[in-house]
Amino acid sequence: MTGCRFGAPPGATEQGRRIGNLYHLMFYIAIGVAAVVYLLILWCIVRYRRRTDELPPQFRYHIPLEVTYTVIPVLIVIGIFVATFRTENRVDAVAADPGVVVNVTAFQWQWRFQYPAQHVQIVGTPQQPPTMVVPVGKTIQVNLRAADVNHAFFVPAFLFKRDAIPGIDNHFDLNVTRAGTFVGECAEFCGLNHAGMYFHVKAVPPSRFSSALQQAANQQASAEGG
């Protein structure tokens, strides 16, 4: 069962792993409830199948049974609520001292990534989507804002989406657990060229972060110049 992901990606961040675990918990609970329901249906079909025209014994109520099938679902819902609340708190937690800070601005119809500590800015174009470079294993704090209309920062491999709303600054942390390049996109319809508003997140070892960031900035600058 631990290897079954029910169609969900594993999550390439610590936050995504927590979300994935919650997703799996919901499925395990659903499988258990379905198994009990189907077994009860099968038992009723076999036990009370029609043999004669006489009705089986009739009961108006059964208090212990009614209490049982009321209490158990309530306990399940409470358990799901607690698990969801704890997961959301951990996913939304923001570190006081992040390893890297990235100011992300969404605008029609591209992205701007600013690294204040590194004095680097990467701005996407319609022909060249930008790449946000991050170090693996470090806390990346993203300050997300929108310059014009509603957008959404969505990276499917991270199991994470956060809206970018004009006048509201959203803050969240990402801890990427493995190296690789991940596709991100705007998941909020924002106008004519919404479909082309995507970007990449490139996770590299910490020792390569500075050089990879400068390389991404140089490539973007070359694309703009061309």
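Along the sequence shown, residues carry numbers from 1. Scope of the values below: all heavy atoms of this structure, side chains included, with no hydrogens, waters or symmetry mates.
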I'd like to know if V204 and V136 are part of one continuous hydrophobic network [Ile/Leu/Val/Met/Phe/Trp/Tyr, side-chain heavy atoms within less than 4.5 Å]. no
Within the structure provided, determine whether P135 and V100 are in side-chain contact (heavy-atom separation under 4.5 Å). yes
Output the distance between atom CZ (R162) and atom CG (N170), rounded to the nearest 0.5 Å. 6.0 Å
For the student: nearest non-hydrogen atoms of A146 and A164, plus distance: CB-O, 3.6 Å
Is V142 close to I140 at the side-chain level, that is, under 4.5 Å between some pair of heavy atoms? yes
Y23 side, atom OH; N21 side, atom CG - distance, nearest 0.5 Å: 13.0 Å
ILVMFWY network linking F189 to Y198, side-chain heavy atoms under 4.5 angstrom: no
Stepwise side chain to side chain contact (heavy atoms under 4.5 Å, CB included) test for H194 and C186: CA-CA 7 Å; H194 162 74; C186 175; 3.8 Å; yes
Check whether any side-chain heavy atom of T84 sits under 4.5 Å from a side-chain heavy atom of M26, and report yes or no. yes
Backbone of R208 reached by a side-chain donor or acceptor of S211 within 3.5 Å: yes
Drop me the distance from F209's CZ to Q118's CD, to the nearest 0.5 angstrom. 4.5 Å
How many angstroms lie between CD in E188 and CG in N150, if you round to the nearest 0.5 Å? 5.5 Å
Side chains of V102 and N143: does their closest heavy-atom pair fall under 4.5 Å? no
Output, in order, the C-alpha distance, side-chain angles, deciding distance and verdict of side chain to side chain contact (heavy atoms under 4.5 Å, CB included) for F158 and F182. CA-CA 9 Å; F158 294 173; F182 310 95; 3.7 Å; yes
Is it the case that more than 12 heavy atoms not belonging to F107 sit under 6.0 Å from its CZ atom? yes
Could you tell me which non-hydrogen atom of T139 sits nearest to which non-hydrogen atom of A95, and how far apart they are? CG2-CB, 4.0 Å
Would you call Y28 and H24 a side-chain contact if the rule is heavy atoms closer than 4.5 Å? yes
Of all the heavy-atom pairs spanning G16 and L159, show the shortest one and how long it is. O-CD1, 3.3 Å
Sub-4.5 Å side-chain heavy-atom contact between V134 and V201: yes
What are the two closest heavy atoms between P130 and Q220, and how far apart are they? CA-OE1, 3.5 Å
Is I72 reachable from V37 through a run of hydrophobic residues whose side-chain heavy atoms are each under 4.5 Å from the next? yes
Kindly give the heavy-atom pair with the smallest separation between V101 and P98, and that separation in Å. CG2-CG, 3.8 Å
Quick one: do H200 and M132 satisfy side chain to side chain contact (heavy atoms under 4.5 Å, CB included)? Show the steps, please. CA-CA 6 Å; H200 298 94; M132 185 172 79; over 6 Å; no
When rounded to the nearest 0.5 Å, the distance separating OG1 of T105 from CG of D169 is 8.5 Å
Would K138 and D173 pass as an ion pair if we require N to O under 4.0 Å? no
Looking only at the side chains, is there a donor atom on one of N175 and T13 sitting less than 3.5 Å from an acceptor on the other? no
Would you find more than 12 non-hydrogen atoms of other residues, nucleotides or ligands less than 6.0 Å from L75 atom CG? yes
Mind checking whether V149 and V104 sit in one hydrophobic cluster, side chains of I, L, V, M, F, W, Y counted as touching below 4.5 Å? no
Aromatic ring pairing F153/W111, orientation class (parallel under 30°, perpendicular over 60°, tilted between): perpendicular
Would you say I19 and F85 are hydrophobically clustered, going by side-chain heavy atoms of ILVMFWY under 4.5 Å? no
Salt bridge check, D92 against R90: does any charged N sit closer than 4.0 Å to a carboxylate O? no
For a quick test of reading the model, state the closest non-hydrogen atom pair linking M197 to A106 and the distance between them. CE-CB, 3.8 Å
So Q215 and L213, side chain to side chain contact (heavy atoms under 4.5 Å, CB included) or not? Walk me through it. CA-CA 5 Å; Q215 181 181 7; L213 177 61; over 6 Å; no
Heavy-atom check, side chain of T177 versus side chain of E14, under 4.5 Å: yes
Is there a donor-acceptor pair under 3.5 Å between the side chain of E185 and the backbone N or O of F199? no
Between the CD atom in Q127 and the CD atom in Q110, the distance rounded to the nearest 0.5 Å is 9.0 Å
Between Y61 and I63, is any pair of side-chain heavy atoms under 4.5 Å apart? yes
